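Here's the structure we're looking at; comments come further down.
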Amino acid sequence: MSTFSEVIDSTQHTESGATKWRVNPFLHGQPESFYNPLTHRTLGLADSDFLLVASVANGSSIPEADAERLSRAGWIDRGEEIASGSRFYLRIVSLETTTVCNQKCYFCPVSVDPRDAYEMQDALFTRIVGELGQYRETLEAVFLQSYNEPTLDRRFIEQVGELYAAGLPVAVLSNATGLTPARVDGLLKMGQLRLLTVNLSTLDREKYIRDRGEDHLPAVLRNLDYLKSRPLAAEMKIAVLGTGDEGHRLDFEAISDRFAGSHFRVERHEVMDRAGWLEIGARPAVPNQRLAGCDNVGSRPLQHLHITPRGKCVLCCEDYDENYVVGDLTETSVAGVLAGPQLAQMRRWVYGLEEAPADFICRNCVFARTK
């Protein structure tokens, strides 16, 4: 029996030569589920349609009425429309407003090659926020962060307020150096963030300095002690990053104990090499050859939009050097980028509908799906 990836890699044909139904080539297939990143829906073994989609994936025919219904729901198709790469389902936006960060974490490219300071123009920010409003139904989070520390932007509070006013879900990933009690109180008066994630890798001050290049731990802990009992966000996390060794485990346990019973949920995460950018962290054993999608918090090319302070849109947050620009918001709209030819081309490469260049970023990424 052919594997799921092998089946969706080629179009099936009837004896007469007419194209038969095939599985949507952007599905994420597992032995017990199908996930459609274009609708954000999953079929599991308990769903009656799971076996029908599995039958199509294995080259078998199904009743035409069922096929038409599954086609309308986006699980299968006949031809080129889905495969063109023009469709998307926007869930997450990274709206980076400044290039500045105040730390040099070993697991971040900023520690090796910090960027020149630059701030997004206010008018561009306002226009982007307005255009994102048309995606409210699917948007789960608009992050004011990528490789920067968002609280360093002098306009941070105003930016959060502008996103609130537009009815958009605001998310912040921070090292907490700027989450002072005064700033927390100011944010609480305006509303509640959708998500707050604090990056805290250790409670050991000397190790913190080695890991991050700055002696910020006392200030960070003061801020977090004030914040931990206040519901600044609907979901509040502390991400403990490390290399998966014994020290990482001990740091995770210490941080979990310190914030037990607070609003924070403490999570342990292993660092990765940023698709070949860094010399540390998880990475593919060998370069990925037969690309078949992306599993980086959903699907980066289908569900995310990454905007730099200069208004450039890049394929993925791992693209620190901005080698894969898919649009420029100083020249076109958010809708124009999402439905544009550059991003459609990247989606076809990521999902293996066309052969990507030998040095394509996904070939060195641990989140790449392969056939």
Side-chain angles (χ1 to χ4, degrees), residues 4-5 8-9 22-30 33-43 53 57 70-77 79-95 128 131-132 134-143 146 168-169 171 275 288 290-308 312-319 323-327 329 332-357 360-363 365-371:
F4 174 85
S5 295
I8 65 170
D9 192 35
R22 66 174 185 178
V23 171
N24 176 347
F26 291 103
L27 291 194
H28 293 194
Q30 305 291 347
S33 69
F34 295 104
Y35 172 66
N36 188 347
L38 291 171
T39 61
H40 196 37
R41 292 185 57 214
T42 299
L43 288 178
V53 176
L70 291 173
S71 176
R72 290 192 295 273
W75 297 109
I76 65 176
D77 80 325
E80 298 300 324
E81 184 179 1
I82 292 179
S84 71
S86 61
R87 294 188 182 183
F88 59 91
Y89 184 100
L90 187 62
R91 291 176 54 208
I92 298 173
V93 172
S94 171
L95 179 52
I128 291 171
E131 292 178 5
L132 289 176
Q134 65 182 300
Y135 304 102
R136 287 189 194 93
E137 290 188 6
T138 62
L139 269 176
E140 298 174 14
V142 178
F143 283 87
S146 185
L168 296 172
N288 301 309
R290 302 184 67 202
L291 298 176
C294 172
D295 274 331
N296 194 349
V297 191
S299 171
R300 294 284 163 152
L302 300 177
Q303 298 180 333
H304 292 236
L305 180 64
H306 302 276
I307 306 169
T308 74
K312 298 292 178 64
C313 297
V314 295
L315 172 64
C316 176
C317 68
E318 313 302 348
D319 184 17
N323 290 322
Y324 301 93
V325 175
V326 295
L329 291 176
T332 188
S333 65
V334 168
V337 172
L338 289 169
Q342 298 101 318
L343 191 45
Q345 174 72 80
M346 298 292 177
R347 291 170 185 143
R348 295 195 297 271
W349 283 351
V350 173
Y351 278 81
L353 299 174
E354 294 179 10
E355 186 68 15
F360 188 50
I361 188 171
C362 298
R363 297 200 185 279
C365 183
V366 293
F367 295 112
R369 295 174 59 84
T370 58
K371 300 170 185 175

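Here the structure is a predicted model, which is why all the values come from computation and not from measurement.
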Nearest heavy atoms of [X] and [Y], plus distance in Å:
X	Y	result
Asn24	Leu38	ND2-CD1, 4.0 Å
Glu318	Ala275	CB-CB, 4.1 Å
Ala356	Leu291	CB-CD1, 4.0 Å
Thr370	Ala292	C-CB, 3.8 Å

Rounded to the nearest 0.5 Å, what's the gap from [atom1] on [X] to [atom2] on [Y]? Could you check?
X	Y	atom1	atom2	answer
Ser146	Asp319	OG	CG	10.0 Å
Asp77	Leu70	CG	CG	11.5 Å
Lys371	Arg290	NZ	CZ	5.5 Å
Leu329	Ser333	CG	OG	8.0 Å

Here's a test for you: under side chain to side chain contact (heavy atoms under 4.5 Å, CB included), which of [options] qualifies with [X]?
X	options	answer
Leu305	Leu139, Val142, Leu338, Val314	Leu338
Lys312	Ile307, Val326, Val325	Val325
His304	Val297, Asn296, Val93, Leu90	Val297

Polar side-chain atom of [X] near backbone of [Y] as donor-acceptor pair, under 3.5 Å:
X	Y	answer
Gln303	Pro37	yes
Asn288	Cys365	yes
Arg41	Asn36	no
Arg369	Gly293	no
Glu131	Val334	yes

For Ala339, check side chain to side chain contact (heavy atoms under 4.5 Å, CB included) against everything at least two apart and list the hits.
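Residues passing side chain to side chain contact (heavy atoms under 4.5 Å, CB included) with Ala339: Phe88.
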My understanding is that only residues two or more places apart in sequence, or in another chain, count here; which of them pass side chain to side chain contact (heavy atoms under 4.5 Å, CB included) with Ala344?
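Side chain to side chain contact (heavy atoms under 4.5 Å, CB included) check on Ala344 returns Arg348.
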When the aromatic ring centroids of Trp349 and Phe360 are compared, is their separation below 6.0 Å?
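Close enough - the centres of the two rings lie under 6.0 Å apart.
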Looking at Trp75, Phe34, Tyr89, Tyr351, which one forms a ring pair (Phe, Tyr, Trp, His ring centres under 6.0 Å) with Phe26?
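Among the candidates, only Tyr351 passes.
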Excluding sequence neighbours, so at least two apart, what forms ring pair (Phe, Tyr, Trp, His ring centres under 6.0 Å) with Tyr35?
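Here the qualifying residues are His28, His40.
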In terms of side-chain geometry, is the basic nitrogen of Glu355 or Arg363 positioned less than 4.0 Å from the acidic oxygen of its partner?
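Yes, charged N to carboxylate O under 4.0 Å.
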Verdict with supporting geometry, Ile361 and Asn323, side-chain contact (heavy atoms from CB on, under 4.5 Å):
CA-CA 9 Å; Ile361 188 171; Asn323 290 322; over 6 Å; no
Please lay out, stage by stage, how Arg300 and Leu315 fare under the test side-chain contact (heavy atoms from CB on, under 4.5 Å).
CA-CA 7 Å; Arg300 294 284 163 152; Leu315 172 64; 5.8 Å; no
May I ask you to test the Pro301-Cys294 pair for a side-chain heavy-atom distance under 4.5 Å?
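Result yes, sub-4.5 Å side-chain heavy-atom pair found.
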